[in-house]
Amino acid sequence: MTLGPAQRAKALREQIVAHDYRYYVLDDPSVTDAEYDALMVELRQLEAAHPELISPDSPTQRVGGAPSPEFRPVSHRVGMLSLDNAFADEDVIAFDRRAHERLASDGVAAPVDLLYSAEPKLDGLAISLYYENGRLINAATRGDGTTGEDVTANIRTLRCVPLQLRSAEQTRVQVPRELEVRGEVFMPTEGFMRLNERAAAAGEKVFANPRNAAAGSLRQLDPRVTAARPLQAFFYAVGHWQGVAAPDSHHELLRWLAELGLRTCPESRMVRGVEGCLAYYRDLGARRAQLPYQIDGVVYKVDARSLQEQLGQVARAPRWAIAHKFPADEAITLLREVEFQVGRTGTLTPVARLEPVVVGGVTVSNATLHNMDEIERKDVRIGDTVIVRRAGDVIPEIVRVVLDRRPQHARRVHLPESCPVCGHAVVRVAGEAAARCSGGYSCSAQRKEALRHFVSRRALDVEGLGDKLIEQLVDAELVRSPADFWALSVAQLSELPRMGEKSAANVVTALHERRQTTLPRLLHALGIPGVGESTAAALAAHFGSLQRLMEADQAALQAVSDIGPVIAASLRAYFDDAGHRNELKRLRDPAGAALEWPEHEGRKPTAEGPLTGLTIVITGSFTGITREEATEALQKLGAKVAGSVSGKTSLLIAGEEAGSKLAKAQALGVRVVGEQELKTLLSGQPI
DNA sequence: GCTCCTCGAGTTCT
DNA sequence: CTCGAGGAGC
């Protein structure tokens with residue numbers, strides 16, 4: 001007998017979903033791709049002939065609806081935590097010891113060797129999927145952990161993501177009424193390479209690494225584009241569930257997810273104790289290059305759920321899990337040339353020009369060598385083969401030279417005798433690491449940098465005056481000193497290449513808006529050697545007006561805290577210079593730049609508040625507040641906000657992606673809190 | 001005079 | 001982020 005179209009469609013869908021499950025979750029396909037495709041074709045034809053049979057969770061409906069105009073924000077009902085990082089074996093040992101100590105102090109009996117569930121840490125994007133009665137309702141990115149973006153339409157196009165969880169009849173487990181499951185979306189290395197090859201052939205821009213490619217693919221407005229990208233996903237955690245008994249351990253949770261049709265990573269293993277963790281780390285590290293996807297470390301999770309609950313979480317990371325990162329990626333490349341850059345203060349900085357090489361997922365072609373001492377210490381020569389690393393995973397640095405590969409013709413690096421930009425003599429003060437161009441303001445490099453600094457965000461904060469524009473203005477000799485900026489007309493600006501009347505007008509308006517400034521900003525903008533943002537603020541608070549500051553002698557200057565003989569002399573030298581005094585006059589002149597700032601009596605008392613006496617350091621990023629805003633708010637409450645962690649630090653407030661400061665605070669035993677506590681503090685309550 | 005701490009300055013890539 | 005150096009305290 002023949003089936004009616006409705007039954008046939010249902011049968012086809014069940015077969016396709018079953019094949020998806022075998023293929024993605026069990027990794028054991030039972031049909032060829034051609035057979036699978038034939039089923040899809042038949043279902044499509046059937047649905048085309050009988051549109052009433054189409055259901056939203058039909059496998060043909062992965063790419064559905066019109067492109068969504070935006071990615072709506074979605075708040076996670078349970079915050080998506082991040083993990084603490086371990087970089088060395090000792091960090092893992094300490095993590096295990098802390099877990100033991102905590103359990104012991106809570107009176108919980110734990111085995112000598114805790115059981116851990118270990119899995120690779122994929123280099124992709126964390127996502128959260130929400131299923132109701134087994135049906136996929138929405139999908140969101142991790143975002144900041146509290147709020148992510150709605151990427152449902154794009155996630156639906158991933159064939160390894162079930163639109164419908166396996167039913168109660170198909171599984172040996174209960175299907176939850178509600179399930180919020182978390183995992184990682186990533187692009188397998190091979191798919192990434194093919195995608196880039198095609199993009200390069202088509203003259204489109206290529207992605208720097210699989211992670212960026214995955215992120216870019218998920219951010220497509222048109223789901224059809226996402227559907228064509230080779231994205232995959234593994235699931236490894238549950239944020240929220242209802243209508244089902246939770247598995248007792250992480251490894252059972254993974255099994256349970258797989259049973260529901262959610263793909264889990266085949267590399268996850270149970271390991272015993274620290275030794276087991278470290279052995280797993282080494283094994284995976286050795287096989288890293290052979291894995292079909294990119295990983296940046298491994299994750300250990302205390303397996304038993306009862307112990308996880310006992311351990312709880314701190315700030316924004318659980319105490320029962322840690323990510324053990326692989327060492328920073330290093331690459332080997334050729335040092336082609338060493339050039340010297342001239343900074344605002346005339347400092348000559350040697351920069352290595354490298355044969356471009358991919359390190360840690362980005363292409364690096366420059367690396368700073370800091371100064372001549374550094375070059376000698378590392379014995380770097382032009383033509384050398386060098387090992388490059390991204391320090392703190394961000395700024396490229398040359399780790400060392402591969403001496404075996406030094407060619408005969410390798411050249412030593414010599415400090416130029418004259419400035420490469422202006423030709424003035426280069427001087428090196430005995431005992432100082434830096435070499436300087438003696439050209440001062442007549443050196444166009446120093447002038448450009450000084451002008452750039454003057455209008456930079458933390459100084460006068462003029463928008464629209466970027467590096468390129470300043471370069472043009474200096475080269476065209478339209479601007480020589482900061483006061484000249486305010487003499488620019490729209491007509492003059494619009495004559496410059498790539499500058500329309502509209503942008504020119506915007507720049508003039510932006511300059512005008514910043515005429516009203518503050519004394520600390522102005523003092524910082526001047527770029528007096530040794531006077532940065534914080535010293536400028538101290539000077540402004542102490543003297544109250546530019547006039548009184550300019551009249552102060554060395555002794556009066558040294559009365560300001562943090563000002564010693566060196567900075568006092570630097571200030572005096574600056575204000576004694578006729579050129580500088582003339583520039584200040586032009587800046588203040590109502591017929592010139594006409595800058596204005598409020599003056600006061602000076603010596604503003606430091607704020608007294610509930611936090612007086614505390615030295616607080618802030619690191620990482622927060623959701624509702626920037627670090628700058630938090631700093632200001634804490635200072636208003638009387639706290640001293642410092643830039644680095646030391647023995648004197650009373651508290652470290654760590655946000656997302658906290659770096660070395662967090663590690664240092666932990667090493668020094670400084671108390672660490674998170675954004676929650678920051679908010680509590682700012683509301684005036686103790687923590 | 002020594003040591004610790006903080007600030008300033010310079011830097012990369014997307 | 002990191003390094004160098006000035007400032008402050010012992």
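Of the side-chain N and O atoms in A/T349, one or more sit less than 4.0 angstrom from OP1 or OP2 of B/dT11. At B/dG10, none of the side-chain N or O atoms of A/Q341 fall inside 4.0 Å of OP1 or OP2 (strictly under the cut-off). Proximity of A/T347 to the phosphate of B/dG10: a side-chain N or O atom is located under 4.0 Å from OP1 or OP2.
Distance A/N366 CG to B/dT11 C1': 10 Å, rounded to the nearest Å. If you measure from atom CZ of A/R211 to atom C1' of B/dT14, you get 13 Å, rounded to the nearest angstrom. The distance from atom CG of A/L557 to atom P of C/dG6 is 17 Å, rounded to the nearest whole Å. Atom pair A/N371:CG and B/dA9:C1' shows a separation of 12 Å (rounding to whole Å applied). Going from atom CZ of A/F340 over to atom C1' of B/dT11 covers 15 Å, rounded to whole Å. Going from atom NE2 of A/H370 over to atom C1' of C/dC1 covers 9 Å, rounded to whole Å. As rounded to whole Å, 13 Å separates atom P of C/dA5 from atom CD of A/E374. If you measure from atom CD of A/E533 to atom P of B/dT6, you get 17 Å, rounded to the nearest angstrom.
A salt bridge links A/R428 to A/D373: one of the charged nitrogens lies within less than 4.0 Å of a carboxylate oxygen. Classification of A/D379 and A/R400 as a salt-bridged pair fails, no side-chain N sitting under 4.0 Å from a carboxylate O. For the pair A/R572 and A/D576, the salt-bridge criterion is met [side-chain N within less than 4.0 Å of a carboxylate O]. Of the charged side-chain nitrogens involved, at least one lies within less than 4.0 Å of a carboxylate oxygen, so that A/E337 and A/R411 count as a salt-bridged pair. Ionic pairing of A/E197 and A/R194 is not present here: no N-O contact between side-chain nitrogen and carboxylate oxygen is shorter than 4.0 angstrom.
Ranked by how close their nearest DNA chain B nucleotide is to the 5' end, A/R344 and A/S365 are led by A/R344.
Closest contact between the side chain of A/T368 and the listed nucleotides B/dC13, B/dT11, C/dG4 involves B/dT11. Considering only the side chain of A/T535, B/dC7 comes nearest among B/dA9, B/dC7, B/dT12.
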Could you run down the sub-3.5 Å N/O contacts of the protein with nucleotides 7-10 of chain C?
residue	atom	partner	partner atom	Å
C/dG7	OP1	A/G564	N	2.7
C/dG7	OP1	A/G564	O	3.2
C/dG7	OP1	A/I567	N	3.1
C/dG7	OP2	A/V566	N	3.2
C/dA8	OP1	A/D562	N	2.5

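Side chains of A/T345 and A/T347: a donor-acceptor N/O pair is present below 3.5 angstrom, by distance only.
Ring geometry for A/Y293 versus A/F186: interplanar angle over 60°, hence perpendicular rather than tilted (30 to 60°).
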